[in-house]
Amino acid sequence: MNKTLDRNSTQVTEEELAAHLASAQVPALVMLTAHVTGDASVLRDEWRPNLKTLPLSGLDPETEAAARSRCFELLAPFLATQHEWAAVPGEPLRRKLVTWLMGGENEDAQAIAQVAFTPNKVDPRRPDWTLDSAAPDSALNAVVIGAGFSGLLAGLRLKQAGVPFKIIEKSVGVGGTWWENTYPDCRTDVRSHIYTYSFVQHDWETHYGRQDRIHGYLHQFAADNGLLEHMVFGTEVTATRWDQETGTWTLETKTAQGVGETIESNIVVSAVGQLNRPSIPKLPGLDTFDGPVVHSAQWDHGIDFTNKRVVVIGTGASALQFAPAVAKVAEQVTIFQRSAPWLRPTPVLRQEIENGERWLLINLNQYRAYYRFSIFLPRLIGNLPAATVDPDFPPTEVSVSAANEALRQELTAYLEEQAGDDEELRKQIIPNYPPAAKRIICDDGTWVKTLKRDNVRLVSQGVNRIDKDGVWLGDEHVPADIILLGTGFKASDFLLPMSVAGIDGKDLHETWGIDASAYLGVTLPGYPNFFCMYGPNTNTVVHGNLVFFLECQANYIIDAVKTLATGGHRSLDLRDDVFAAYDKEIVAESAKRTWGWSKTHSWYMNAEGRSTIMWPLPARNYFERTSKVRTEDYKLS
Ligand code: NAP
């Protein structure tokens, strides 16, 4: 038995390892080989992957075979020895890896790459201080509101820094959106290995994680990190009020049974999410319908759809997952589409990870780190040019720039191919707005196949009215037993229904009106020591990764807490002029992007057409601005 590349203690023979490596994706294998052997000659131009197919190389089979064979030849001596190598690539190698992967010099990618190579349990952004050592006399404490992806991370960072905290969660379990959304086939449309905290990797079964598995991952994360004992479940924060004299927030809470309590805390982290208040459309007669009306986020698992006539309203990311599952058993499904979604070809969307590769991902930490790196970095850099308006193009509701037009043609070809010679369907499924004006939905062909089923009908017009046993479509009555609403969420109503009263009792929702905004999505003038995670303008459409953005926010918040603690300050309050300049910048930058420009319906825009959801700049800009609190941006007292 040889000591092998395996860093997770399972020992395998060289032959067995060779067999597993045959399943490796070539881009990750090439980078792993350069790392382990120190031989960067494998970073050849002809073995560079296609950025669109990653983690697959997109190379032809002969080229792949040549790359694989050379990598194995170089790796072989290392497989049979106890040779040690650096856990993370040094800067010179990292630069070469990034240049090779991205296909040339890319300073945005180089900057982000500092935190992009993340073997399991390597956590470069763990706080480098603790309250005990930095400010032993400090009495700072914190409350985190919400136990989803954001709140758990905030909790961990506070725990690592030794700041006493509680996490208050209205549900009776962790997970946030992954607790609430349980509809059939609910899964993420972000690759599993980048839909995890960078420093806590996981053995995913599928390329795109299913809801129950993501929920399991988050629960395990909370348990493993001792967060469960900080949880107050089944309790909602209804109001928070700042007291400038004492430097404390007073939080009013209420349990589902109506029992109220008051909690005091110096720091509040609002991690309440964006997508948890269902948007129920005001359709005439909806309340007169006799059968069940179910929103995707409030699924009723008691309903049996077998042989039922079902109406689905909405064709967003949620409906595109549950409607195909329902159509398999229902007698008839009528789908009302207001706008057709753009679909991104994603063949492995519902596929399991093949065994050999899964073995590598579990057992070879550094393979997994490069596999992740190969998906993460290109995704972070993304394709912002394809979502940027070129005033000289000129932009229209078809496309907004040459790059956007190229993307439109590519995505149109995908839809046309699937529609085949069904002219009517083709007209219905090709969107009439530019790509990236709203979320592009991952698809493996299931959606159009569903629309082609004999028991499915796609209707591209609004519901006129609803009566007790169906839906009216002009003069036609469509009988229905069940109405399913895939109509999304009130994403722009940040922090509602919780009331937040800052300095002098100023109500946050009155301050905002309809236009929620926060500095870097995190802080607001007049609301000291109040931090948002996943706040306004922190989502991305073609140029980011949600979990990475959350890690940036947690990093910024914990640095602000450090500033408070080490300076002996009671409060940290954003300066008005800093906020005003930032807000102006975000409005101006948003207008340059497809989602800020297009007039199509989208949850990326609020009712007055302001983009309160999306981060409009490159991801690097967010990473750098959140890497450290600039104390000059704040009034410290
Ligand atoms: P959504 O994207 O907002 O889609 C809502 C759908 O309902 C749209 O088709 C919308 O049409 C339609 N609609 C809304 N109000 C309507 C009305 N009054 N009459 C007729 N149609 C109406 O909501 P979602 O599908 O729940 O997804 C929300 C977000 O959650 C996603 O964008 C994504 O970020 C996340 N999500 C992710 C996944 C995943 O990872 N796979 C799955 C589910 C959700 P218009 O397009 O014309 O507005």
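One-based numbering, in listed order, for ligands and for the atoms of each. The first residue in the sequence is number 1, and the count goes up from there.
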Practice prompt. Can you pull out the closest protein heavy atom to atom 24 (P) of ligand 1? Residue, atom name and distance to 0.1 Å, please.
Written response: S318 OG, 3.4 Å
Item to complete: Identify the residue among Y197, F221, Y534 that makes a side chain to side chain contact (heavy atoms under 4.5 Å, CB included) with F149.
Response: Y197
Worksheet entry | Distance-only donor-acceptor check, side chains Q25 and Y371, under 3.5 Å | no
Item to complete: Taking only heavy atoms of G314 into account, list the atoms of ligand 1 that are under 4.0 Å away from them.
Response: 6 (C), 7 (O), 9 (O), 12 (C)
Fill in: ligand 1 atoms in contact with T315 (distance to a heavy atom under 4.0 Å)
6 (C), 8 (C), 9 (O)
Practice prompt. Compute the shortest N/O to N/O distance between W178 and ligand 1 and return yes if it is under 3.5 Å, no if not.
Written response: no
Item to complete: Would you indicate which of V312, T177, D189 comes nearest to atom 40 (O) of ligand 1 when only heavy atoms are counted?
Response: D189
Fill in: Residues D469 and R309 bridged, charged N to O under 4.0 Å
no
Discussion item. Evaluate R350 against T446 for side-chain hydrogen bond (donor to acceptor under 3.5 Å, both in side chains), listing each step before the verdict.
Written reply: CA-CA 10 Å; R350 290 178 172 83; T446 298; 3.2 Å; yes
Worksheet item: Which protein non-hydrogen atom lies closest to atom 11 (O) of ligand 1, naming both residue and atom, and how far is it?
Response: R338 NE, 3.7 Å
Fill in: Criterion side chain to side chain contact (heavy atoms under 4.5 Å, CB included) against L485, the qualifying member of P281, S318, S279, P278
P281
Worksheet item: Hey, which atoms in ligand 1 end up nearer than 4.0 Å to a heavy atom of K438?
Response: 45 (P), 46 (O), 47 (O), 48 (O)
Item to complete: Compute the centroid of each ring, for F322 and then for W299, and state whether the two points are separated by less than 6.0 Å.
Response: yes
Fill in: Sub-4.0 Å atoms of ligand 1 with respect to non-hydrogen atoms of P281
17 (C), 18 (N)
Response to the item:
Checking heavy-atom distances from atom 37 (C) of ligand 1 to each of P341, A317, G316, the winner is A317
Worksheet item: Would you call E423 and K427 a salt bridge, using N to O less than 4.0 angstrom?
Response: no
Worksheet, complete the sentence: Of Y604, W615, W603, the one forming a side chain to side chain contact (heavy atoms under 4.5 Å, CB included) with N539 is W603
Worksheet item: Are F548 and Y622 an aromatic pair by the rule of ring centers under 6.0 Å?
Response: no
Worksheet entry | Nearest neighbour in protein (non-hydrogen) for atom 23 (O) of ligand 1 | G488 CA, 3.1 Å
Worksheet item: What are the atoms of ligand 1, with element, lying closer than 4.0 Å to any heavy atom of G486?
Response: 4 (O), 5 (C), 6 (C), 7 (O)
Discussion item. Considering non-hydrogen atoms of the protein only, which is the closest contact for atom 42 (C) of ligand 1, and what is the distance?
Written reply: Y183 OH, 3.4 Å
Worksheet entry | Pair E424, Q428: side-chain N/O donor-acceptor within cut-off below 3.5 Å | no
Discussion item. Geometry only, no angles: is F489 polar-contacting ligand 1 at N/O separations under 3.5 Å?
Written reply: no
Worksheet item: Just heavy atoms, cut-off under 4.0 Å: does K282 contact ligand 1 by side chain, backbone, both, or neither?
Response: neither
Worksheet item: What protein heavy atom sits nearest atom 31 (C) of ligand 1, and how far off is it?
Response: R439 CD, 3.7 Å
Practice prompt. Between Q321, H601, Q461, flag the one that comes closest to atom 41 (N) of ligand 1 by a heavy atom.
Written response: Q321
Worksheet item: ligand 1 and S296, any nitrogen or oxygen pair closer than 3.5 angstrom?
Response: no
Worksheet item: In terms of atom number and element, which parts of ligand 1 are under 4.0 angstrom from non-hydrogen atoms of S339?
Response: 45 (P), 46 (O), 47 (O)
Practice prompt. Note the single closest protein heavy atom to atom 30 (O) of ligand 1, along with its residue, its atom name and the distance in Å.
Written response: L275 CD1, 3.4 Å
Discussion item. Counting non-hydrogen protein atoms only, what is the nearest one to atom 39 (C) of ligand 1? Give residue, atom name and distance.
Written reply: R187 O, 3.2 Å
Practice prompt. Compute the centroid of each ring, for H295 and then for Y183, and state whether the two points are separated by less than 6.0 Å.
Written response: no
Worksheet entry | Short N-O contact, D189 and R344, less than 4.0 angstrom | no
Discussion item. Are any of the N/O atoms on S602, whether in the backbone or the side chain, positioned under 3.5 angstrom from an N/O atom of ligand 1?
Written reply: no
Discussion item. Under 3.5 Å, is there a donor on one side chain and an acceptor on the other for S517 and D583?
Written reply: yes
Fill in: atom 28 (C) of ligand 1: the protein heavy-atom neighbour that sits closest, reported with distance to 0.1 Å
W603 NE1, 3.9 Å
